[in-house]
Number of protein chains: 2
Amino acid sequence: MVVDCANCPLRKLDLFEDLTPDGVTFMRRFKSGELKVDAGTTLLMEGSNSPQLFTVLKGMGLRYKLLPEGDRQVVNFVMPGDFLGLQAGVMGEMKHSVEATTPMVLCVFNRSELWNLFKTEPERAFDLTWSASVEEHFLGDALTSVGQMTALQRIGWGLLRFMTRCEALGLAKGARCPFPYRQQDLADALGLSLVHTNKTLMKLRDKQILSVQDGTLSIMDRDQLSTMSPLEVEQPARRPLI
Amino acid sequence: MVVDCANCPLRKLDLFEDLTPDGVTFMRRFKSGELKVDAGTTLLMEGSNSPQLFTVLKGMGLRYKLLPEGDRQVVNFVMPGDFLGLQAGVMGEMKHSVEATTPMVLCVFNRSELWNLFKTEPERAFDLTWSASVEEHFLGDALTSVGQMTALQRIGWGLLRFMTRCEALGLAKGARCPFPYRQQDLADALGLSLVHTNKTLMKLRDKQILSVQDGTLSIMDRDQLSTMSPLEVEQPARRPLI
DNA sequence: CGGAACATTGATAGAGCTCAAGGAACGTGG
DNA sequence: CCACGTTCCTTGAGCTCTATCAATGTTCCG
């Protein structure tokens, strides 16, 4: 029923680093179970202090912050392999919420074991720090995108980046990948209004560069897409999987 | 000449957590020296793989990313207590540059010792992860600010946040603190043009809310300032110092 | 004195927001 | 099986915030 860490389907991907047998043994003990949730479930809430940490096995979601007036900033798209809850784990409180956009399956870890991890598994601890750095890197890029680019560039960059992540996870088929989000979600991620996001997507579709339809993102002209934005979309580096 | 970790002036602040005697011993060994740099020095360069890690002892700087067309996104203001170079330390490459805005004094650590730190000092490793999480948290807030707020709100939020950090570091006197940055730096941090930043600052000065002059930020009406922005400026939490 | 760096100001234009409405797809209950 | 509500996508019109362009002012320094 539950996936054994030794056979973790994610770790088979080139994207993720291999684990020593000892590492597997520890992960097995660290893992306290699996969680399946419906689309729409809130996994972690801003300000909360969840006793659980997660690694995404399947499905997609959103990290976001809500503002009092109802505005929302989507901080990142959540995909398989992402580690959730680290902030609560070390700082004692989540600084953003996480919500499932599709049904999801998650590996569950006990926060109480986190300290144990640092004490007995320095490799894993290093990996955690790596995770946090990767996230920080992404946020720096996102900030640059929202701060310095036009709507067309932001959307181009954001969707190309999404496709690139999907490819690294083996979720893409040809130039297509799943995109379970609403235009509103994309707008909130890029600091744009829904209406303008829609019109910009139309423009990209008319130009035969990309299209988002029926939960699928298709990139028709990747070359042109990548020259549109001043911020390069990097190939995701091989990284540890927690 | 060189500050002994046991007498680190920063650690005396309430903001930073205390260290056990063993912790001090390790930090002493980890620390390989001090570095004094002039204003304008580039400490770390995007894409580089610096062999050194730093903790800021004195002075201020900027983290930023450059875009090919000359645009720049300031990712954060660098202040005493900040840890620099973690990305290169774990991912092998800096994802942004760091530059000194004022003369600075930095604690220098050898990157080669980093792995040793994880192996023998789990408390310190935990602290590093904490650092990365704090930075991630800040970036999330910055993204929210740039993505969802007006120019007036962004500048109000950004400067209030800066003042709050200064206060926690004991750098503020009354409602004043040093602000060694140019308006262009602030503009690049908030995703605004220089001209509009200037006009918005004028507005805030006319309204007697705050002023930035002669390298000093003065907040005249903190209550009004904090109600302007939909994103609250939090009191910095007590955190470890590396 | 001349130049460099930064702050300030006015005028103009445009990117993106808001408002308002309509259409398509889908599930639910009568 | 149809009516209706809900959710999301699409489109048009008008307006505002912010960018851009272009000068001028100020301070400081060689």
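Chain letters run A, B, ... following the sequence lines, proteins first and then strands; every chain starts at 1.
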What residues form a side chain to side chain contact (heavy atoms under 4.5 Å, CB included) with [X], not counting sequence neighbours?
X        : result
A:Ser97  : A:Met45, A:Glu46, A:Tyr64
B:Thr55  : B:Phe83, B:Cys107, B:Phe109, B:Leu241, B:Ile242
A:Val134 : A:Trp130, A:Arg239, B:Met91
A:Arg176 : A:Thr216, A:Ser218

Roughly how far apart are B:Gln183 CD and B:Thr197 OG1, rounded to 0.5 Å?
-> 7.5 Å
First-last contacting nucleotides on DNA chain D - partner chain B, under 4.0 angstrom, heavy atom = D:dT18 to D:dC21
ring-ring contact (aromatic ring centres under 6.0 Å, His included) contacts touching residues 135-157 of chain B (sequence neighbours left out) |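 Listed once each, the pairs would be none.
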Scan side-chain atoms only and decide if A:Glu135 and A:Asn76 contain a donor-acceptor pair under the 3.5 Å cut-off.
->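 Side chains of A:Glu135 and A:Asn76: pair found under 3.5 Å.
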In short, side-chain hydrogen bond (donor to acceptor under 3.5 Å, both in side chains) pairs touching residues 144-155 of chain B with sequence neighbours left out are A:Gln73-B:Gln148, B:Thr150-B:Gln153
What does the inter-axis angle of the helix from C:dC1-D:dG30 to C:dG30-D:dC1 come out as, five pairs per end, nearest 10 degrees?
-> 30°
What's the [atom1]-[atom2] distance between [X] and [N], to the nearest Å?
X        : N      : atom1 : atom2 : answer
B:Leu192 : C:dG16 : CG    : C1'   : 15 Å
A:Gln183 : C:dA25 : CD    : P     : 15 Å
A:Ile155 : C:dG16 : CD1   : C1'   : 11 Å
B:Asp185 : C:dA5  : CG    : C1'   : 12 Å
A:Asp214 : C:dA25 : CG    : C1'   : 10 Å

Which part of the nucleic acid, if any, lies within reach of B:Gly215 when heavy atoms closer than 4.0 Å are counted: base, sugar-phosphate only, or nothing?
-> nothing
Salt bridge (Lys or Arg N to Asp or Glu O under 4.0 Å) contacts in which one or both residues fall within residues 99-108 of chain B, not counting sequence neighbours | none
If you look only at pairs with a residue in residues 180-207 of chain A, which of them pass as a salt bridge (Lys or Arg N to Asp or Glu O under 4.0 Å), with sequence neighbours excluded?
-> A:Arg72-A:Asp185, A:Arg72-A:Asp188, A:Arg182-A:Asp185
What pairs with A:Lys31 under salt bridge (Lys or Arg N to Asp or Glu O under 4.0 Å), at least two apart in sequence or on another chain?
->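 A:Glu34.
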Strictly below 4.0 Å, heavy-atom distances to any atom of DNA chain C: list the hits from residues 194-212 of chain A, or just say none.
-> A:Val195, A:His196
